Each structure stands twice: as structure tokens, then as C-alpha cells.
Amino acid sequence: MQRADKPMRDIVKTGHGPGLPPSPWLLRFAGLVPAGGAVLDMAAGGGRHARFFLDRGHPVVAVDRDVSGLADLAGRPGVEIVQADLETGGPWPLGARGFAGVAVANYLWRPILPAIVAAVAPGGALIYETFALGNERFGRPSNPDFLLRPGELLDAVRGRLRVVAYEDVEIGEPRPALVQRIAALAPAAG
Ligand SMILES: C[S@@+](CC[C@H](N)C(=O)[O-])C[C@H]1O[C@@H](n2cnc3c(N)ncnc32)[C@H](O)[C@@H]1O
């Protein structure tokens, strides 16, 4: 599969970029992430969620194949920027590291869903929100490779994480879209 949906870049420019505030879903469930624990922002873009957690006192790891939007964070204490193409089929760039929080917004690469779930450390939280099938009627992304199937986030965490909240909804802001979103907790160690 190849990411042919170039207009994803346009989304970055028109409403999902560094200037955009954290997603309301992430804001609502950020408190699930244990205080001071490291947070992974997958496909971080401009790092709006990495920045949010950094401001809350969490060290952050921000991963993207294009880290230009994170340049101003480079070298800042508590920030690790990982430039990686997540869609090559190569090794997961974070090895066996676990995170108190894993945030994913507006990104889907189906083959790495299991690795994303596995990156949630015991007691940690996954907060994930992205476009779902049906979004094509609103515009991009419209490629089914980049759209969640019904219940797919629930399926991804089943048996691994406890679901705190889940929605499969049409939203109006920052623009009309169909999204699925989940907040889920990994069982505590021991
Ligand atoms: C729509 S943006 C979302 C950015 C951020 N998560 C947010 O919500 O503000 C999608 C991000 O996925 C990144 N991306 C796309 N393909 C990627 C790949 N193959 N490997 C790593 N990152 C990728 C893009 O560079 C972009 O930053």
C-alpha cells in the first residue's frame, strides 16, 4: 500500500497543523495519562499533542516522517524527535519502549495498529482519533486504506486495553468529518 492521499498535507495546512489546538477528544482524556509519564505522539505533524503534554510536564517522543513541524522543539529538555517512515514495513522505530500515554490523531497505517497498542505501558493510556469509513463523502482522506473500518479501534485494543470511551461520530469542527475515537487504559503492572 502506498500513501497516495497527498492532500493529507493539505489537511495539515488547513486545520490539523501546528497552529491547531489539541483535539477536544485528547483534551478530554489527557488526564488518563499518569502524571509525569512519557508520552508518544505518533505521526505528530506540528506536534500539537506533544506540545500539550510537554506543557503538562510529560516528557514526549514525537514521531513523524516529516519532522519539519517539530524543528522548534529540537533540543528542548524532555523532547525526543524521531524521524521515521512508519509505512515501510521495517522495524517499529521505538523498539520495546512503553509509554504512559500514546496519542494518535488523524493518522492511520493499519499494519502498525498492534505496535501502537503494544506501546502503551502498564497503567498507561491510548488516546486515538482518526477518520473513519464514510469520511469520503466529506472529502479527504477518502482512500479506504486510511479510513477506520467500523469498530476497528475497538478490535485493535480488545484483550489488551480497557476501553474508557469510544465514539464513531460525525464531527463539525474543525471541519465536517467522520471519525472514530477511543480512550483506553492498559492494566496496571502486577
Ligand atoms: C494529518 S497529519 C496529523 C498530524 C498530527 N497527528 C495532528 O493531529 O496534528 C498526518 C501526519 O502523518 C504523517 N505521516 C504521513 N505518512 C507518514 C509515514 N509514512 N510515516 C510517518 N509519518 C507519516 C505526516 O507527515 C503528518 O504529519
Side-chain angles (χ1 to χ4, degrees), residues 1-30 33 39-56 58 60-74 79-95 97 99 101-117 119-120 125-132 135-136 138-148 153 167 169 171-183:
M1 284 188 284
Q2 201 165 12
R3 181 168 286 275
D5 255 14
K6 279 292 179 204
M8 284 295 279
R9 296 235 174 250
D10 297 340
I11 294 167
V12 173
K13 288 180 191 137
T14 57
H16 294 270
L20 197 75
S23 92
W25 185 256
L26 182 118
L27 289 175
R28 183 172 162 198
F29 293 104
V33 179
V39 173
L40 171 62
D41 186 0
M42 288 300 297
R48 60 181 172 140
H49 295 141
R51 293 169 198 275
F52 168 79
F53 280 110
L54 198 57
D55 288 347
R56 280 172 70 102
H58 296 267
V60 298
V61 177
V63 181
D64 206 291
R65 73 174 170 195
D66 175 3
V67 295
S68 58
L70 303 165
D72 62 301
L73 290 179
V79 177
E80 183 179 340
I81 296 170
V82 177
Q83 181 169 26
D85 186 336
L86 299 164
E87 301 173 13
T88 63
W92 174 245
L94 300 157
R97 292 169 71 179
F99 296 87
V102 176
V104 192
N106 301 334
Y107 180 76
L108 174 67
W109 184 243
R110 193 160 272 120
I112 64 169
L113 273 176
I116 289 172
V117 172
V120 184
L126 172 68
I127 305 171
Y128 198 146
E129 172 178 31
T130 196
F131 304 98
N135 188 68
E136 58 276 10
F138 297 105
R140 308 279 185 154
S142 56
N143 181 335
D145 285 346
F146 309 140
L147 298 174
L148 288 162
L153 286 179
E167 289 184 352
V169 289
I171 58 170
E173 298 290 335
R175 62 180 178 83
L178 211 66
V179 302
Q180 279 180 41
R181 40 202 190 183
I182 198 166

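The analysis underlying the following values was restricted to heavy atoms, covering all of them including side chains, and did not include hydrogens, waters or symmetry mates. Whatever order the structure lists ligands and atoms in, that order sets their numbers, starting from 1. Keep in mind that this is a model prediction, so the values were computed, not measured.
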Legend entry - Interfacing atoms of ligand 1 (cut-off 4.0 Å, heavy-atom, Asp85): 18 (C), 19 (N), 20 (N)
Inset, instruction - Give the atoms of ligand 1, by number and element, whose distance to some non-hydrogen atom of Ala105 is under 4.0 Å. - result: 3 (C), 5 (C), 6 (N), 8 (O)
Inset, instruction - Side-chain contact test, heavy atoms from C-beta onward, threshold under 4.5 Å: evaluate it for Val179 versus Val169 and give yes or no. - result: yes
Legend entry - Beyond-backbone contact of Pro141 with Asn135, side-chain heavy atoms, under 4.5 angstrom: yes
Inset, instruction - Look at Arg97 together with Glu80 and state whether they make a salt bridge at an N to O cut-off of under 4.0 Å. - result: yes
Legend entry - Sub-4.0 Å atoms of ligand 1 with respect to non-hydrogen atoms of Leu86: 18 (C), 19 (N), 20 (N), 21 (C)
Inset, instruction - Could you establish whether Gly46 and ligand 1 come within less than 4.0 Å of each other, counting only heavy atoms on the residue side? - result: no
Legend entry - Option set Glu129, Arg65, Arg48, Met42, criterion heavy-atom distance to atom 9 (O) of ligand 1, minimum: Arg48
Inset, instruction - Mark up the atoms of ligand 1 that fall under 4.0 Å of a heavy atom belonging to Gly45, in ascending order. - result: 4 (C), 27 (O)
Legend entry - Trp25 side chain vs Ile182 backbone, donor-acceptor pair below 3.5 Å: yes
Legend entry - Short side-chain to backbone donor-acceptor contact, His49 and Ser23, under 3.5 Å: yes
Inset, instruction - Write down the atom of Phe99, the atom of Val39, and the distance for their closest heavy-atom approach. - result: CD2-C, 4.1 Å
Inset, instruction - Heavy-atom contacts with Glu87 under 4.0 Å: which atoms of ligand 1 show up? List them by number with element. - result: 16 (N), 17 (C), 18 (C), 19 (N)
Inset, instruction - Go through ligand 1 atom by atom and flag the ones less than 4.0 Å from a non-hydrogen atom of Ala84. - result: 20 (N), 21 (C)
Inset, instruction - With heavy atoms only and a cut-off of under 4.0 Å, state how Ser23 meets ligand 1: side chain, backbone, both or neither. - result: neither
Inset, instruction - From atom 13 (C) of ligand 1, work out which of Thr88, Asp64, Leu20, Leu108 has a heavy atom at the shortest distance. - result: Asp64
Legend entry - Derivation and outcome, side chain to side chain contact (heavy atoms under 4.5 Å, CB included), residues His58 and Val33: CA-CA 9 Å; His58 296 267; Val33 179; 3.6 Å; yes
